[in-house]
Amino acid sequence: MNTQQMEQMGQFRITVWEEENFQGKRCEFMLECQNIMERGFRKIRSFKVENGPWVGYEYPEFQGQQFILEKGDYPCYQAWSGNSSYRTEHMLSFRPIKCANHSDSKVTLYECEDFQGRKFEMCDDYPSLQAMGWCNKEVPSIKINSGAWVAYQFPGYRGYQYILERDRHQGEYRNYNEYSTQAHTNQVQSIRRVQH
């Protein structure tokens with residue numbers, strides 16, 4: 001089944017509310033929204049993800065800090081930011097993660113930028129890269145061979161979140177500036193597959 005067929009079958013569905021705890025103006029989406037303000041909303045402060053994984057952004061046009069939104073309820077910012085060191089109380093754009101495939105995901109981490117130096121291939125979730133043998137707190141470049149992944153700044157899936165996808169940048173993130181429009185560091189200490 002291709003992505004277009006999945007969209008037509010409602011494979012991706014998210015409901016958004018303007019206020020916390022599912023209050024205020026609401027709207028359902030099955031496709032991306034580049035700017036919620038163009039839909040008459042001031043901001044989005046709560047979500048319900050019914051189908052498919054999504055990524056939410058702090059600013060319009062998929063800019064700013066990003067947050068993974070997997071199936072479930074997100075009544076307020078603490079629900080999507082979790083243990084993040086970055087706090088944003090609303091989102092202004094969001095999109096489905098179409099290449100997520102939890103059972104077929106592979107990523108390669110590199111010791112240096114531009115896929116140079118020592119590399120390590122993984123197909124599983126790692127709450128601590130150092131515990132599995134990665135010697136640095138930094139991951140200067142990453143290649144997504146298949147699926148979609150969430151890389152975190154700190155062990156235990158905490159800190160800044162970077163959603164890394166096979167169908168973005170051709171899966172090639174040559175330096176940390178490509179991880180996100182708000183990537184401040186190449187520090188990545190835990191990584192997991194996006195749930196679909």
* To do: Test V107 against I142 for side-chain contact (heavy atoms from CB on, under 4.5 Å), laying out the working first.
  => CA-CA 7 Å; V107 62; I142 299 175; 3.4 Å; yes

* To do: Take R95 and F62 through the side-chain contact (heavy atoms from CB on, under 4.5 Å) test and state the conclusion after the steps.
  => CA-CA 8 Å; R95 63 176 179 77; F62 314 124; 3.8 Å; yes

* Check the pair F29 / F12 against ring-ring contact (aromatic ring centres under 6.0 Å, His included), numbers first and verdict last. => CA-CA 8 Å; F29 291 86; F12 302 102; over 10 Å; no

* Asked: Could you go step by step and tell me if I191 and D125 meet the side-chain contact (heavy atoms from CB on, under 4.5 Å) rule?
  -> CA-CA 6 Å; I191 192 166; D125 302 344; over 6 Å; no

* Report the C-alpha distance between E50 and T15 in whole Å, list the side-chain angles of each, state the deciding distance to 0.1 Å, and finish with yes or no for side chain to side chain donor-acceptor pair (under 3.5 Å). => CA-CA 8 Å; E50 289 140 47; T15 304; 2.9 Å; yes

* Asked: Could you go step by step and tell me if W17 and Q23 meet the side-chain contact (heavy atoms from CB on, under 4.5 Å) rule?
  -> CA-CA 6 Å; W17 282 264; Q23 301 294 310; 5.7 Å; no

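In this structure, OG on S93 lies 7.5 Å from CD on Q63, to the nearest 0.5 angstrom. Put simply, NZ on K43 and CG on L92 are 9.5 Å apart, with the number rounded to the nearest 0.5 Å. Atom NE2 in H169 sits 5.5 Å away from atom CD in E178 (nearest 0.5 Å). Going from atom CD1 of I97 over to atom CG of N101 covers 13.0 Å, rounded to the nearest 0.5 Å. The structure places CH2 of W149 at 7.5 Å from CD1 of I144, a figure rounded to the nearest 0.5 Å.
Salt bridge annotation for K119-E111: absent, with no cationic side-chain nitrogen under 4.0 angstrom from a carboxylate oxygen. A salt bridge links R42 and E18; the closest N-O separation between the charged side-chain nitrogens and carboxylate oxygens is under 4.0 Å. A salt bridge links R174 to E172: one of the charged nitrogens lies within less than 4.0 Å of a carboxylate oxygen. Taking the charged nitrogens against the carboxylate oxygens, E28 and R13 do have a contact shorter than 4.0 Å, which makes a salt bridge. The pair K143-E165 does not meet the salt-bridge criterion, since no charged nitrogen lies less than 4.0 angstrom from a carboxylate oxygen. Contact check on D124 versus R193 returns a salt bridge, with a Lys/Arg side-chain nitrogen under 4.0 Å from an Asp/Glu carboxylate oxygen.
The closest donor-acceptor contact from the side chain of Q66 to the backbone of I163 lies under 3.5 Å. In this structure, N175 contributes its side chain and N177 its backbone to a donor-acceptor pair below 3.5 Å. With hydrogens and angles disregarded, no donor-acceptor distance shorter than 3.5 Å links the side chain of S105 to the backbone of G147. Checked by atom type and distance alone, the side chain of E138 never pairs as donor or acceptor with a backbone atom of N136 at under 3.5 Å. Panel note: side chain E70, backbone Q195; a donor-acceptor pair is recorded below 3.5 Å. Between the side chain of Q116 and the main chain of D114, a donor-acceptor pair closer than 3.5 Å is present. Using a distance-only test at 3.5 Å, with no hydrogens or angles considered, no donor-acceptor pair links the side chain of Q189 to the main chain of K137. Checking side-chain atoms of S141 against main-chain N and O of C112 turns up a donor-acceptor pair under 3.5 Å. Looking only at distances, a side-chain donor or acceptor of H184 sits under 3.5 Å from a matching main-chain atom of Q182.
Closest of all the heavy-atom pairs between E19 and S46 is O-OG, 2.6 Å. Contact between L31 and P96 at its shortest, heavy atoms only, is C-CD, 4.3 Å.
Looking at I68 and R192, their side chains come closer than 4.5 Å, going by heavy atoms from C-beta outward. For the pair I14/K48, no side-chain contact is recorded, criterion being any heavy-atom separation below 4.5 Å from C-beta on. Side-chain atoms of Y179 and V188, non-hydrogen and from C-beta on, do get closer than 4.5 Å to each other. Contact annotation: the side chain of Y126 never approaches that of S190 to less than 4.5 Å [non-hydrogen atoms, C-beta and beyond]. In this structure, the side chains of F120 and W134 come closer than 4.5 Å at one or more pairs of heavy atoms. Between N186 and V139, the closest side-chain pair of non-hydrogen atoms is not below 4.5 Å. No side-chain heavy atom of Y152 sits under 4.5 Å from any side-chain heavy atom of R158. N51 places none of its side-chain heavy atoms less than 4.5 Å from the side chain of V49.
At a cut-off of 3.5 Å, with distance as the only test, a side-chain donor of N145 or T108 sits close to an acceptor on the other residue. Residues S180 and Q65 have side chains that never bring a donor and an acceptor to within less than 3.5 angstrom of each other. Using a 3.5 Å distance cut-off with no hydrogens or angles, the side chains of R168 and Y173 do not pair a donor with an acceptor.
Hydrophobic clustering (ILVMFWY, side-chain heavy atoms < 4.5 Å, transitive): Y77 and F22 are in distinct clusters. Linking ILVMFWY side-chain heavy atoms closer than 4.5 Å, directly or via other members, places L164 and M132 in a single hydrophobic cluster.
Centroid-to-centroid, the aromatic rings of F47 and W80 come within less than 6.0 Å.
Heavy-atom contacts from other residues, nucleotides or ligands closer than 6.0 Å to NZ of K106 number 12 or fewer.
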Could you pull out every donor-acceptor pair under 3.5 Å between side chains of residues 33-40 and any protein atom, sequence neighbours left out?
unit_1	atom_1	unit_2	atom_2	d
Q34	NE2	E32	OE2	3.4
N35	OD1	M37	N	3.0

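Note: Y162 and Y160 have parallel aromatic rings, judged against thresholds of 30 and 60 degrees for the angle between ring planes.
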